[in-house]
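Data block below; observations after.
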Amino acid sequence: MECVATTAFGIEAVLKRELIKLGFDIKRSSNGRIYFETDVSGIIGANLHLRTAERVYVVLGSQKVKSFDELFDWMVELPLERYLHQKGRFIVNAKSSKSTLFSLRDIQSIGKKALIKRLQKHYGVERFPETAESYGLLLNLQNDVAELWLDTSGAALHKRGYRKQTGSAPLKETLAAAMVLLSHYGKDRTLYDPFCGSGTIPIEAAMIAKNIAPGLNRNFAFQRFFWVSKDDYNTARRNALKQIKHESIAPIVASDVDPGVIRSAKENAEHAGVDEAINFEIADFSHQNFSAASPVFITNPPYGERMGEEEVARLYKGLGKLLRKHKDASFYILTPVSGVEQLMGKKPSRTRVLFNGPIKTRLYQYIGPPPKK
Ligand SMILES: C[S@@+](CC[C@H](N)C(=O)[O-])C[C@H]1O[C@@H](n2cnc3c(N)ncnc32)[C@H](O)[C@@H]1O
């Protein structure tokens, strides 16, 4: 089967690396999408193990279409019954960019009509009760090429299930995982997140260090599909549980000035099963003592309208001081605030544009020397 894993703009390279590491055969990639070939067990594995994907879809077909008739005629010929159960509920969504067909409502409605027509012909029935499992379908048109995707994930994969409480500006779990995977963090290096909020970065880092699959705490749409065996899913889960590493790791220190968010972060870490791997502290970063050798700072400092210009300047100047003081450290600072480079007074080794949902942010990477053996 051809599948596509989607992700936020800027993270594609990280997702591609994850897929290759998991043994998938990459076919092609474009903005926010990585196409790969796999079978049913691969779909289960991708959903369970990918840390930076938003969703995994099966590509049911693709075709150049410039009219609604062409769209309908193509979809009616697709062997949809291989994937869609007669009693299923079919939810068809649409996206279109740079294409002749652009009315999402019409694309959705023609898509659904063609789907029902195909199933009517195959099953020899007129009416579909649409009472059983739901199938999320997405008709994606780009440059006049329509692709029909079937969602195998259900709720987006950033919803790991561990985060019950959040602070006011939580990071998406997928983005936090991407920051960790982009850094030089490893289980033998101390990690500091001095603005940890709900703890997303430390929790994702601990899950990476302990090789805990991100999908172990949640359900997926494919669990309801008739063509996915329960046994295969249970075996994949059991294997993922066996792969968890129980040996100890270097400290992960999660701190924040707000005692309320530290309480939430602790609870979230408990749900994720990594509370013992993280030291939580209530502290203002400017009074903290970061004493570990060759640490990695991965953090997402505060931003937003409630912060005045002076406060922003004070905070990023403080971070600049930290950067200059800890010459053996690496820093990965994610912020939507522009001009912070000047305030920090040091040029980063690299800057990347990443999106936290709709918010455009930059990851400032200050890569320190490799740790001494
Ligand atoms: C953008 S939020 C971090 C969100 C976090 N990454 C998450 O996923 O929930 C910034 C955090 O910095 C904290 N903060 C603000 N000023 C601080 C200071 N001077 N020292 C430490 N933490 C501070 C806030 O309480 C807030 O939780």
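All ligand and atom numbering here is 1-based and tracks the order in the structure.
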Over all atoms of both residues, closest heavy-atom pair of Arg218 and Ala156: NH1-O, 2.8 Å
Least distance between heavy atoms, Pro194 atom then Gln288 atom: CB-OE1, 4.0 Å
N/O separation below 3.5 Å, Asp256 to ligand 1: yes
Return each pair, listed once, that meets side-chain hydrogen bond (donor to acceptor under 3.5 Å, both in side chains) where at least one residue sits in residues 94-106; pairs must be two or more places apart or across chains. Thr100-Asp144, Ser103-Asp106
Taking only non-hydrogen atoms of Leu171 and a 4.0 Å limit, the atoms of ligand 1 in range are 6 (N), 7 (C), 8 (O)
So, does Ala283 sit close enough to ligand 1 that a heavy atom of it is under 4.0 Å from the ligand? yes
Would you say the side-chain atoms of Thr351 and Gln365 include a donor-acceptor pair closer than 3.5 Å? no
Distance-minimising heavy-atom pair for Ile208 and Val180: CD1-CG1, 3.7 Å
Below 3.5 angstrom, do we get any N/O pair linking Asn300 and ligand 1? yes
Find all atoms of ligand 1 within a distance of less than 4.0 Å from any non-hydrogen atom belonging to Asp258, and give their numbers and elements. 25 (O)
Minimum heavy-atom distance Cys3-Ile43, with the two atoms named: SG-CG1, 3.9 Å
Counting heavy atoms under 4.0 Å, the part of Ala176 that contacts ligand 1 is neither
Ligand 1 to Val257 polar contact by distance, N or O atoms, under 3.5 Å: yes
Atoms of ligand 1 less than 4.0 Å from Pro170 heavy atoms? 7 (C), 8 (O), 9 (O)
Any N/O of Phe285 closer than 3.5 Å to an N/O of ligand 1? yes
A student checking ligand 1 against Pro194 at a 4.0 Å heavy-atom cut-off should list atoms 21 (C), 22 (N)
Ligand 1 versus Ser286: contacting region, heavy-atom distance under 4.0 Å: neither
Check for me whether the distance between the ring centres of Phe222 and Tyr233 falls short of 6.0 Å. yes
Contact between Ala265 and ligand 1, counting heavy atoms under 4.0 Å? no
What are the atoms of ligand 1, with element, lying closer than 4.0 Å to any heavy atom of Thr200? 7 (C), 8 (O), 9 (O)
Let's go through Glu2 and Arg28 carefully: what are the C-alpha distance in whole Å and the side-chain angles of both, what is the deciding distance for salt bridge (charged side-chain N to carboxylate O under 4.0 Å, His left out) to 0.1 Å, and is it a yes or a no? CA-CA 11 Å; Glu2 185 181 37; Arg28 63 202 155 95; 3.2 Å; yes
Taking only heavy atoms of Ser198, which atoms of ligand 1 are found under 4.0 Å from at least one of them? 7 (C), 8 (O), 9 (O)
Report the distance from atom CG of Leu78 to atom CG of Leu115, rounding to the nearest 0.5 Å. 9.5 Å
